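What follows is one structure encoded as structure tokens, with my remarks underneath.
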Amino acid sequence: MTPRELIGVAEVPGGPPLRLVRHGNDFIIMLERNELMSSRMSGSEKALGTMTCERLGALPSARLLIGGYGMGFTLRAVLAVVGRDARIVVAELVGGIIDWARGPLEALTDGCLDDPRVEVRIADIGEVMDAGTGAYDAILLDVDNGPDGLTRQANDGLYSTRGLARALAALRPGGILAIWSTDPDAGFTRRLKQAGFAVDEVRVRARENGKGPIHNIWFARA
């Protein structure tokens with residue numbers, strides 16, 4: 001059996017720390033005993049990026065906000081399809097995750113954080129939304145495994161009625177709020193609709209080969 005090797009620990013404001021471990025050729029970010037993300041399962045995170053951009057259509061100078069860098073799968077998927085005049089803000093609360101991206105995960109990062117289209121902010125995604133009224137064509141949230149979060153209780157506010165109102169205010173007319181989750185949530189779907197969004201819900205396999213767990217993505221158009 002291949003042992004797991006602890007690579008680093010990152011402090012989470014208002015929550016327990018995250019751990020980066022290596023298991024053979026794979027990297028895993030863990031919260032206590034829970035695997036939050038793994039380098040071997042990236043299909044649904046990439047789908048969050050590509051499917052959002054497909055729904056936006058041809059917007060050469062699109063402005064996107066990504067909440068939660070993770071291992072960068074969503075960011076790299078977006079960068080692969082948007083134009084050179086696009087601008088992407090990445091809001092990551094845990095500075096240690098960006099340190100890992102520039103350190104032990106550098107090969108996986110593949111330079112995406114240094115792309116001139118990208119701005120990284122070590123900040124709460126809610127505060128970034130509040131500072132950008134009507135600023136974004138799309139907001140992509142991959143925070144705390146979705147509405148039923150694990151990492152920190154404060155993240156639950158992103159998926160509340162007030163949190164959805166903040167996201168709506170930060171979007172341009174017709175903009176898209178895309179939300180990744182490990183599981184479906186009928187109550188959250190209702191909240192999206194009650195907040196004024198037209199909702200498309202998609203189920204996506206965790207792995208690009210069509211295998212692994214099935215994850216949930218909401219595409220909510222303002």
Side-chain angles (χ1 to χ4, degrees), residues 37 41-83 86-92 117 125-126 128-129 132-149 155-208 210 212-222:
M37 61 199 75
M41 290 195 290
S42 60
S44 58
E45 286 89 349
K46 291 178 179 177
L48 176 65
T50 55
M51 289 183 176
T52 299
C53 292
E54 287 169 2
R55 284 160 172 76
L56 283 177
L59 284 177
S61 57
R63 299 295 183 266
L64 296 91
L65 172 61
I66 297 177
Y69 173 80
M71 290 185 173
F73 296 121
T74 299
L75 174 60
R76 290 193 294 281
V78 168
L79 287 171
V81 296
V82 298
R87 295 293 180 267
I88 301 112
V89 175
V90 178
E92 173 55 61
R117 295 169 292 178
I125 179 65
V128 176
M129 288 193 295
T133 302
Y136 301 104
D137 296 294
I139 298 171
L140 295 76
L141 293 182
D142 183 359
V143 177
D144 208 354
N145 278 6
D148 188 16
N155 288 336
D156 293 345
L158 289 173
Y159 306 104
S160 67
T161 298
R162 180 176 179 272
L164 295 178
R166 296 166 80 184
L168 184 62
L171 287 168
R172 294 172 176 173
I176 295 172
L177 172 63
I179 299 169
W180 184 97
S181 176
T182 51
D183 299 297
D185 187 325
F188 180 65
T189 301
R190 287 193 296 272
R191 284 202 300 279
L192 280 169
K193 294 177 179 179
Q194 291 166 355
F197 290 99
V199 181
D200 178 21
E201 193 168 351
V202 178
R203 302 281 277 156
V204 182
R205 285 284 183 181
R207 299 191 182 202
E208 289 186 274
I214 301 176
H215 295 152
N216 206 72
I217 304 175
W218 290 270
F219 297 98
R221 191 176 290 272

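Computed over heavy atoms, backbone and side chain alike; hydrogens, waters and symmetry mates excluded. Fair warning: this is a prediction, and the values are worked out from it, not measured in the lab.
A distance of 8.5 Å separates OG in Ser181 from CZ in Arg203, rounded to the nearest 0.5 Å. Here Lys46 contributes atom NZ and Glu208 contributes atom CD; the two are 3.5 Å apart, rounded to the nearest 0.5 Å. Here Glu45 contributes atom CD and Ile66 contributes atom CD1; the two are 12.0 Å apart, rounded to the nearest 0.5 Å. We find the OG1-CE distance between Thr182 and Met37 to be 11.5 Å, quoted to the nearest 0.5 Å. In this structure, CD in Gln194 is found 10.0 Å from CG in Leu164, a value given to the nearest 0.5 Å. Here Leu64 contributes atom CG and Ile176 contributes atom CD1; the two are 9.0 Å apart, rounded to the nearest 0.5 Å.
Residues Ala91 and Ile125 approach most closely at CB-CD1, 3.8 Å, considering heavy atoms. When all heavy atoms of Ser44 and Val204 are compared, the closest pair comes out as CA-CG1, 3.8 Å. For Met41 against Pro213, the heavy-atom pair with the smallest separation is SD-CD, 3.7 Å. Between Ala138 and Leu56, the shortest heavy-atom contact is CB-CD1, 3.9 Å. Thr189 and Glu201 get closest at one heavy-atom pair: OG1-OE1, 3.2 Å. In terms of heavy atoms, Thr52 sits closest to Phe219 at OG1-CE2, 3.3 Å.
Asp137 places a side-chain N or O within 3.5 Å of a backbone atom of Arg63 that can act as its donor or acceptor partner. Side chain of Arg166 to main chain of Met129: no donor-acceptor pair is present (N/O by atom type, distance under 3.5 Å, no hydrogens or angles). Thr74 contributes no side-chain N or O that, together with a main-chain N or O of Gly49, makes up a donor-acceptor pair within less than 3.5 Å. Put simply, the side chain of Arg221 gets close to the backbone of Arg55: a donor and an acceptor are under 3.5 Å apart. Judged by distance alone, the side chain of Glu92 and the main-chain N or O of Tyr69 form a donor-acceptor pair under 3.5 Å.
Using a 4.5 Å cut-off on side-chain heavy atoms (C-beta onward), Leu171 and Ile139 make contact. Proximity of Leu177 to Leu168: side-chain heavy atoms (C-beta onward) are nowhere separated by under 4.5 Å. At a threshold of 4.5 Å between non-hydrogen side-chain atoms, the residues Asp142 and Leu140 do not count as touching.
Of the options Val82, Leu48, Leu59, a side-chain contact (heavy atoms from CB on, under 4.5 Å) to Cys53 is made by Val82 and by none of the others.
Listed by chain and number, the residues in a ring-ring contact (aromatic ring centres under 6.0 Å, His included) with Phe188 are Tyr159, Trp218 (sequence neighbours excluded).
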